[in-house]
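Reviewing the structure listed below.
Computed from a predicted structure; not experimentally measured. Throughout, a chain's letter reflects where its sequence line sits, starting with A, and its residues are numbered from 1.
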There are 2 protein chains.
Amino acid sequence: MSVSIKDVARAAGVSTSTVSRALGKGPVSAEVLRRVESAVLATGYRPNLAARQLRSQRSMAVGLIVADIRNPFFTQLSRAVEDAAYAAGMRVLLCNTDEDPAREAMYLELMAEERVSGLIMTPTRHLSPAALARVGRPVVLVDRAMPETDFDSIVLDNARASAELVDHLVASGRRRIAGLFGSTSATGMERRAEVEAALERHGLPARSALSLPSFDAGHAALAELLEREMPDALILSNGLFVRAALKLCHERRIAIPAQLALAGFDDEVWTDLVDPGITVIRQPVEEFGREAMQALLARIGAAKMRPRRVVLAGELIVRGSTAPV
Amino acid sequence: MSVSIKDVARAAGVSTSTVSRALGKGPVSAEVLRRVESAVLATGYRPNLAARQLRSQRSMAVGLIVADIRNPFFTQLSRAVEDAAYAAGMRVLLCNTDEDPAREAMYLELMAEERVSGLIMTPTRHLSPAALARVGRPVVLVDRAMPETDFDSIVLDNARASAELVDHLVASGRRRIAGLFGSTSATGMERRAEVEAALERHGLPARSALSLPSFDAGHAALAELLEREMPDALILSNGLFVRAALKLCHERRIAIPAQLALAGFDDEVWTDLVDPGITVIRQPVEEFGREAMQALLARIGAAKMRPRRVVLAGELIVRGSTAPV
DNA sequence: CATGTCACTGCAAACGTTTCCAGTTTCTGG
DNA sequence: CCAGAAACTGGAAACGTTTGCAGTGACATG
């Protein structure tokens, strides 16, 4: 049916071992190499990756587990990871957990079955390090990782970014600052803590809420938050929440920035298209992806290394949504 | 090293064949099934997918080749495909061509090597049917497909959508209607032809330009287009172009809809957050993905079927960007 | 000339499954 | 009670590679 290495060997008049070595990096004579190459062309041979993987016990595939690819942050991340992976001759298996620990666990299983050579993921808060270790492959955590984790991790400097946001809002005259943070991730928790700490440094009260990181959940949480006691500024811990906040302001005819200032994480494509533009922390997402892949390849190469943590700085982009009143 | 089916067989006191049947759907006694299941648990066995694929010649993976996952249309599409695929017990291999025929060809090669059991793709205009057939796997085209293609395809009713856009703009008083269309896809070509036909039916002149489907290229093309002769309405054949047009209007302080009406394809998340909201054709993207996967599975099941074409209707969503002046 | 080294090659054994085949037991109908 | 079918099981042969081992010559070194 399909043409195998045997057909190539026959066409080139050599053994299958020699073909294998000619295609790989084993030592072969120039003459044989030439014959094998033309035999490959003549027969239209394509190596069977399953056979190769079975024999060599290496898969040339990495897993990428994110919450939801439709979140632009993860979209960008995945694209960067794919590019880096293909450049290194590896393929990517993408999974969406929808922040559901059960799906997360299922996909970890699947990755183990696939014998991926490594794993990049944005874990939920509920994933135990033990479960992660049980996968038995190198793992790199991106965007979300407890500070004291045993795995390599690439994260934003959340302390600095949170402080910058708070400082900026205070400088622009806001005093009643509320925040909404993702409830499922270590990152959400971290940003909340850092925002509260920064507020405390200014001697201001902290009003923070948690929500599942989805547009609808965020929208509902914000509605409730604004209901209780109207703040004069809102800090949103991710792009979905920023969008939900903006939508809510439109619906309630809340004037930005006059009545309410808006600032958050993630510089999505539309943040400078709306009026006023939204003040955000831009995260170096592409760099997250590249660094993650690089860390993973290093880890695959040398399993025994102390876990490495890469902390990247965000960039505060000031727009009209936080203009002084 | 890793635990194989042999270990399970030994633990359960049966042969490997029986374990295989117990795990698959072969006939086994209840007693043996029980023993095998507990042996699997006890040993922590995970089937080796490479071995399974090698032996059974089936890969349980489908390829998905799109232009760029960062385009929200493809993001949504890929998510829908993934969901449908995982539901059917299949994995997805995602590739981004960036509209580059060379990369497209390379990924087709790769898919062949992977022995994917099927392929879903949004081809560039330059991909020859012959090259596609050479992959030797079932292929389903999504979003982009010549009407007379030999492959299954899922497409938008571009004729109707284009006519609706034109009719709406004319009804709202516009007469100098220009369009920008993606140059790399059959869809861009089709929409251009249909828009021009609709304009002709109204006895109006057609002014259309082509551009690579990226934000920057679209932005540049639009700048040039507006330079030459200012239209009173713009039709944009994809979400990137809509965004580029809006950005350009902001930069040039062109008033929407007073000076220029904006309408296009793809209802991205921000189209109702900007002011005025953008009039668009909403495409049933999730349905594209589901239908594509379903068609692919059908085709995998029965190779010999006449090619089937699914045409889905878009929905015109009228917003302020095309309000009558 | 003897010896060792080196570059190259082929043989054959894996890698972990599934599946064909044949064999054994148990059930069913007459 | 027998024949035949049906249900279940194990043995062994694949699937297409890579790779350890051993063998061949060629060539340099002493």
Using a heavy-atom cut-off of 4.0 Å across all strands, would you classify Arg46(B) as base, sugar-phosphate, or nothing? sugar-phosphate
Rounding to a whole Å, what distance do you find between Gln57(B):CD and dT17(D):P? 10 Å
What about Ser17(B), does its side chain sit under 3.5 Å from the base of dG11(D) through a donor-acceptor pair? yes
In this structure, how many angstroms lie between the C1' atom of dG16(C) and the CD atom of Gln53(A), rounded? 11 Å
With a 3.5 Å distance limit and no angle check, can you tell me whether Ser56(A) reaches the backbone of Arg52(A) through a side-chain donor-acceptor pair? yes
Distance check needed: dA7(D) C1' versus Leu33(B) CG, whole Å only. 15 Å
With a 4.0 Å limit, can you tell me whether Ser56(B) has a side-chain N or O closer than that to the phosphate oxygens OP1/OP2 of dT18(C)? no
Treating Arg137(B) as the side-chain partner and Gly63(B) as the backbone partner, does any N or O pair qualify as donor plus acceptor under 3.5 Å? no
Short side-chain N/O contact from Ser20(B) to OP1 or OP2 of dT18(C), under 4.0 Å: yes
Between Arg115(B) and Arg21(A), which residue's closest nucleotide on DNA chain D lies nearer the 5′ terminus? Arg115(B)
Examine distances only and state if a side-chain atom of Arg144(B) and a backbone atom of Ala186(B) form a donor-acceptor pair shorter than 3.5 Å. no
Determine the contact category for Arg58(A): base if any of its heavy atoms lies under 4.0 Å from a base atom, sugar-phosphate if only primed atoms, P, OP1 or OP2 are that close, otherwise nothing. sugar-phosphate
Residues Asp152(A), Arg309(A): salt bridge by 4.0 Å N-O rule: no
Check the distance between dG16(D)'s C1' and Asn48(B)'s CG and give it to me in whole angstrom. 14 Å
Is any side-chain N of the basic residue among Glu31(A) and Arg34(A) closer than 4.0 Å to the acidic one's carboxylate O? yes
Atom pair distance, as rounded to whole Å: CZ in Arg55(B) and P in dT17(C): 13 Å
First encountered from the 5' end of DNA chain D, between Arg52(A) and Thr16(B): Thr16(B)
Can a salt bridge be assigned to the pair Glu286(B) and Arg70(A) using a cut-off of 4.0 Å between side-chain N and carboxylate O? yes
Over 12 non-hydrogen atoms of neighbours within 6.0 angstrom of CE in Met60(B): yes
Using a 4.0 Å heavy-atom cut-off, does Ser29(B) contact any base of the nucleic acid, only the sugar-phosphate backbone, or nothing at all? sugar-phosphate
Rounded distance (Å) that lies between atom P of dG16(C) and atom CD of Glu113(A): 15 Å
Where along residues 4-11 of chain B does a heavy atom fall under 4.0 Å from DNA chain C? Ser4(B), Ile5(B)
With a 4.0 Å cutoff (strictly under), does any side-chain N or O of Thr18(A) reach OP1 or OP2 of dT9(C)? no
Met60(B) CE to dT17(C) P, in whole Å, measures 16 Å
Could you tell me how far apart Tyr45(A) (OH) and dG16(D) (P) are, to the nearest whole angstrom? 10 Å
